[in-house]
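Keep in mind it's a predicted model, so treat the numbers as computed, not measured.
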Amino acid sequence: MGSEPDQHAAALAAQTSTPAFHRALKAAVQAGLPQGVQLVAANYARSSASSYWLLRWTSGAAMPPIWLTLRIATHPHWLTHVQQVEVVRPALPDLTGLSAAVRQALASPAAAAARYQFTPLELAVLRQLLVLADHKLVWLVQMTPAIAASHKGRSFDLQNDFRRLPLFLGDRNNVNNLLVPVSAPAFQDKLIDFFGANLLFSQFSSHYMLKLLPTIQWLKPMLAADTRPVQGPAQLAAAYGQHFMATVAAAVRQADLIDS
């Protein structure tokens, strides 16, 4: 049998993963949204009561969309320096007072600071993430053994420590099939920004690897809402170099051979 904390976590995950709870949680979040804010998508953690909500602020027709990531959970995020607004509710699955807490959090200076708009380069990176996902490729970072062993049980500084980790492009389902080291600090910084806004979500793998999987149900409506033209390959090459582009292209070819 598992420990008492493990049993409690499993029971909480079971209570908060039902369709009925998700409907009630969504209704509570929507009731707390200020005027001019739209709920676009949600992302639920499988092993905990944590949920993430993609919000869009009303902006002028000529302006890029304005986004905000809202996190609701029983505990603070395991990553520090994320670009999110957090509502910590230890009493979950009790939703009493949640709408008021959401309303208060979204009216805070922290919420104003956490809103984001994409640059054309960022749109190109997001589109590349979806292309790589179609080829069953994901970005990964190699965690230290201590962090990997804790499995989110200790906090980790996203902005300072995370960017020092080795970066790889690998097979989504089995890193033993394909794992290509990539040295691109500026690109890794962009992945860090996206991870901190829940545009990527994490999954532990073998060899201390942490997969950074694109949050597809967020990226597709975000890209559909932002109609600015994107010259993807040219923008990526100008920002991160031809060697970066060649490495990614070679990994795509290898992945397609493995999958054929």
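- Taken to the nearest 0.5 Å, the CG atom of L126 stands 9.5 Å off from the NZ atom of K190.
- Closest of all the heavy-atom pairs between S99 and A31 is OG-CB, 3.5 Å.
- Of all non-hydrogen atoms in V87 and A101, the two that sit nearest each other are CG1-CB, 4.0 Å.
- Two residues are said to be in side-chain contact when any heavy atoms from C-beta on lie closer than 4.5 Å; V230 and P120 fail this criterion.
- The closest side-chain heavy-atom distance from V85 to V102 is not below 4.5 Å.
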Exercise. Going through the checks in order, is the side-chain contact (heavy atoms from CB on, under 4.5 Å) test met by L212 and Q203?
Worked result: CA-CA 7 Å; L212 304 176; Q203 185 180 89; over 6 Å; no
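- Contact record, A186 with Y240: C-CE2, 3.7 Å, taken as the closest heavy-atom pair.
- Note: the hydrophobic cluster containing V248 does not contain V131 (ILVMFWY, side chain heavy atoms under 4.5 Å, direct or indirect links).
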Exercise. Does the pair F21 and Q15 meet the rule for a side-chain contact (heavy atoms from CB on, under 4.5 Å), with working shown?
Worked result: CA-CA 8 Å; F21 178 78; Q15 288 177 293; over 6 Å; no
For this session: With ring-ring contact (aromatic ring centres under 6.0 Å, His included) as the test, would you mind laying out the steps for W139 and F187 before giving the verdict?
Result: CA-CA 11 Å; W139 293 100; F187 179 80; 4.7 Å; yes
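- When the shell of 6.0 Å around CD of Q104 is examined, it contains 12 or fewer heavy atoms from other residues, nucleotides or ligands.
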For this session: Before giving the answer on side-chain contact (heavy atoms from CB on, under 4.5 Å), spell out for L98 and L25 the whole-Å C-alpha distance, their side-chain angles and the decisive distance to 0.1 Å.
Result: CA-CA 9 Å; L98 178 60; L25 180 59; 3.5 Å; yes
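- Electrostatic pairing of K136 and D171 does not count as a salt bridge here, judged by no charged N lying under 4.0 Å from a carboxylate O.
- To the nearest 0.5 angstrom, I72 atom CD1 is 8.0 Å from L92 atom CG.
- Of the inter-residue distances, the one linking M209 atom CE with Q142 atom CD reads 4.0 Å to the nearest 0.5 angstrom.
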Problem set entry | Stepwise side-chain contact (heavy atoms from CB on, under 4.5 Å) check, L79 with H81 | CA-CA 7 Å; L79 297 171; H81 294 118; over 6 Å; no
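- Between P181 and T247, the closest heavy-atom pair is O-CG2, 4.3 Å.
- Not one N or O on the side chain of Q128 forms a donor-acceptor pair closer than 3.5 Å with the backbone of A124.
- Linking ILVMFWY residues whenever their side-chain heavy atoms come closer than 4.5 Å, directly or via other members, leaves V88 and L70 in distinct clusters.
- Here CG of L167 is found 4.5 Å from CD of Q188. Values are rounded to the nearest 0.5 Å.
- Here the closest heavy-atom approach between residue L12 and residue P93 is recorded as CD1-CD, 3.8 Å.
- Counting only distance, with no hydrogens or angles, the side chain of Q83 and the backbone of A114 share a donor-acceptor pair below 3.5 Å.
- Counting non-hydrogen atoms of other residues, nucleotides and ligands closer than 6.0 Å to CZ of R228 gives a total above 12.
- Counting heavy atoms from C-beta on, the side chains of H75 and P90 never come closer than 4.5 Å.
- Put simply, CH2 on W78 and OG on S202 are 5.0 Å apart, with the number rounded to the nearest 0.5 Å.
- Side-chain contact annotation: Y44 with T16, donor-acceptor N/O pair under 3.5 Å absent.
- Put simply, the side chain of V180 reaches to within 4.5 Å of the side chain of Q254, judged on heavy atoms.
- Side-chain atoms of K26 and L39, non-hydrogen and from C-beta on, do get closer than 4.5 Å to each other.
- With no hydrogens or angles considered, a side-chain donor-acceptor pair links W53 and S51 at under 3.5 Å.
- Hydrophobic clustering (side-chain heavy atoms under 4.5 Å, transitive across Ile, Leu, Val, Met, Phe, Trp, Tyr) groups L165 together with F204.
- Using bins of under 30°, 30° to 60° and over 60° for the plane-to-plane angle, the ring pair F194/F118 lands in the perpendicular bin.
- Of the possible donor and acceptor atoms, none in the side chain of R172 sits under 3.5 Å from a partner among the backbone N and O of L213.
- Formation of a donor-acceptor pair under 3.5 Å by the S50 side chain with backbone atoms of A45 is not found in this model.
- The aromatic rings of F162 and F195 lie tilted to each other, with the angle between the two planes from 30° to 60°.
- Here the OG1 atom belonging to T58 is positioned 11.0 Å from the CE atom belonging to M63, to the nearest 0.5 angstrom.
- Exactly one of V40, I66, L33 qualifies for a side-chain contact (heavy atoms from CB on, under 4.5 Å) with L55. That residue is L33.
- Residues L169 and L140 are not in side-chain contact: their nearest non-hydrogen atoms beyond the backbone lie 4.5 Å or more apart.
- L68 has its side chain out of reach of Q84: every pair of non-hydrogen atoms, C-beta onward, lies at least 4.5 Å apart.
- With contacts defined as side-chain heavy-atom distances shorter than 4.5 Å, the pair V138/L129 does not qualify.
- Side chain of T215 to backbone of W218: no donor-acceptor contact under 3.5 angstrom is found.
- Minimum heavy-atom separation, A237 to Q242: CB-NE2, 3.7 Å.
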For this session: Mind running side chain to side chain donor-acceptor pair (under 3.5 Å) on T69 and Y116 for me, showing each step along the way?
Result: CA-CA 9 Å; T69 299; Y116 52 92; 3.1 Å; yes
